[in-house]
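Report on the following structure.
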Amino acid sequence: MIKIKTVGVVGAGTMGSALAQKFAQEGFNVILADREMKYVESGLNKIAEMLNQGVERRLFTQEGVDKILAQICGTENLSELADCDLIIEAIFENFEAKQELFKTLSNIVDDKTIIATNTSSFSVTELSEAVVNPERFIGLHYFFHAAKNRLLEIIPGENTSAEVYEAAKVFAVKSGKDAITTADVHGFAVNRFFVPWLNEAVRILEENISDAGTIDFVCMKTFGIGMGPFALMNATGVPIAYHAQKTLEVFGDFYQTSNLLKTQAESQKDWIINEIDKNANIDEETENKIKKRMLACVYFVCSQILEEKVCSATELNRGAKIGLRWKNGPIDLMKKSGETEVSNLVGYIVERYDGNFPTSINKKIGRASCRERV
């Protein structure tokens, strides 16, 4: 069994610094690297700030924080990662940049060192082509905020060895993560349905069905969540949602990116969200239209995920509950809706975008009149 004691994290931005913090908290030695020390220092400052907030909230003692920080060292020299047992790439989502990094790392580290990508969208197998000994390459997709969010998607590529996969599962447990395994497809499992869910909310806004605040309000009520799609995009970055959706366009017409999402991402501005009082009375027709559109989106994509055997229904449910903090996972929601309603809503998407009805659903209602019902 491969033993992981020292972990390298390349990329000291929001994700990388959060990963370094979490691994250090769990007792691993961590080397945080970036191309310039100013980025490394910024990442280390983020970690210190987060931990100090934890002290104020009595989650950590000052002694504990000092110990965690002592577990992390920063560098702009990738050669200092040579003795790492595991290196996780957490740089920006650019395929060529990631491959170039993996080529560099392959010339630095031992042949047995596990190299992982935190990509949320690219093929793990295709990225592994840049790695010497691709059997030690694997996808480890973490979720925002990585120091707090327990979900981890483990994505073995076509060449990933069984030994590396088992080591990744053990590391997930030891680093305080709750992992699900997914097939190596664009978007993997959670982002495959979550990002189109964001995109569908933007379409509803784009079609002037309702405003952002109302859409958020209805989604919070429907999915049992603390933040709606527009607030979530503001928190994690609108451009991130846009670029993630672009990678999913390979799946067909339904996955095409909203023009409004593209415009908003390019503006580098947050969505303007009008606040809705929790006791507000929303027009019933508008509320039902938003609810059905957003549920239809989730049901359609999750049915495809199950049809393609990306992951199991149980892991899909867990992914939503753990990673997205949905009160009810998509499978729970489908059970509540019932087979007839699920078929009806999925049929709406299939008809509108001229798609194929997923075989994972036993369709009992024809496509006719689906659009009118939604």
Side-chain angles (χ1 to χ4, degrees), residues 187 189-211 214-225 228-229 245 248-249 251-258 281-321 324 326-374:
V190 175
N191 274 0
R192 171 74 177 273
F193 73 85
F194 176 62
V195 175
W197 182 79
L198 299 174
N199 192 52
E200 189 68 13
V202 179
R203 282 178 177 154
I204 294 171
L205 177 65
E206 189 174 36
E207 294 167 25
N208 294 315
I209 292 171
S210 192
D211 56 83
T214 301
I215 296 168
D216 270 7
F217 180 84
V218 174
C219 286
M220 289 165 67
K221 191 161 79 169
T222 301
F223 294 91
I225 52 180
Q245 185 64 42
L248 298 178
E249 291 183 339
F251 291 115
D253 290 345
F254 169 72
Y255 292 88
Q256 297 307 298
T257 307
S258 160
N281 291 317
I282 307 297
D283 175 71
E284 186 175 356
E285 182 180 354
T286 300
E287 180 173 354
N288 285 336
K289 195 170 288 188
I290 296 169
K291 178 180 178 180
K292 290 182 177 181
R293 283 276 296 270
M294 297 301 285
L295 285 172
C297 168
V298 171
Y299 292 173
F300 174 70
V301 178
C302 287
S303 297
Q304 287 188 323
I305 290 171
L306 297 177
E307 180 180 52
E308 297 166 17
K309 295 181 171 54
V310 175
C311 68
S312 69
T314 299
E315 292 197 314
L316 190 57
N317 236 15
R318 286 178 57 233
K321 290 180 176 180
L324 305 180
W326 284 15
K327 181 179 179 181
N328 298 300
I331 308 305
D332 295 331
L333 291 167
M334 291 167 88
K335 287 179 178 177
K336 283 186 176 183
S337 292
E339 189 176 281
T340 298
E341 181 68 5
V342 170
S343 295
N344 187 31
L345 293 175
V346 171
Y348 161 74
I349 299 290
V350 170
E351 181 182 4
R352 180 169 180 172
Y353 294 96
D354 194 26
N356 296 317
F357 204 99
T359 57
S360 59
I361 294 178
N362 181 15
K363 183 169 71 110
K364 291 186 176 180
I365 296 180
R367 297 184 189 180
S369 77
C370 286
R371 183 169 295 167
E372 287 73 20
R373 288 193 179 94
V374 177

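Residues W326 and F193 bring their aromatic ring centres within 6.0 Å.
Neither side chain, T257 nor Q245, offers a donor N or O lying under 3.5 Å from an acceptor on the other. Side-chain contact, N317 with T314: no donor N or O sits under 3.5 Å from an acceptor N or O.
Taking both residues in full, the closest heavy atoms of R293 and Y348 are given as CD-OH, 3.2 Å, listed atom of the first, atom of the second, then distance.
Here the side chain of S343 pairs a donor or acceptor atom with the backbone of E339 at under 3.5 angstrom. Between the side chain of E249 and the backbone N or O of Q256 there is no donor-acceptor pair closer than 3.5 Å. The backbone N or O of Y255 lies less than 3.5 Å from no partner atom in the side chain of N199, so there is not a single donor-acceptor pair.
Here E341 does not pair with K336 in a salt bridge; the nearest charged N to carboxylate O distance is not below 4.0 Å. The residues E285 and K291 are annotated as not salt-bridged, no charged nitrogen and carboxylate oxygen being separated by less than 4.0 angstrom.
The CD1 atom of I282 sits 4.5 Å away from atom OG1 of T214, with the distance rounded to the nearest 0.5 Å. Here the CG atom belonging to L333 is positioned 6.5 Å from the CZ atom belonging to F223, to the nearest 0.5 angstrom. The CD1 atom of I331 sits 6.0 Å away from atom SG of C302, with the distance rounded to the nearest 0.5 Å.
Within a 6.0 Å sphere centred on NZ of K321, heavy atoms belonging to other residues, nucleotides or ligands number more than 12.
Side-chain contact between L205 and S210: absent, with no pair of heavy atoms (C-beta onward) separated by less than 4.5 Å.
A cation-pi geometry, defined here as NZ or CZ lying under 6.0 Å from the six-membered ring centre and within 45° of its normal, holds between R203 and F254. The cationic atom of R192 (NZ for Lys, CZ for Arg) lies less than 6.0 Å from the six-membered ring centre of F251 and within 45° of the ring axis.
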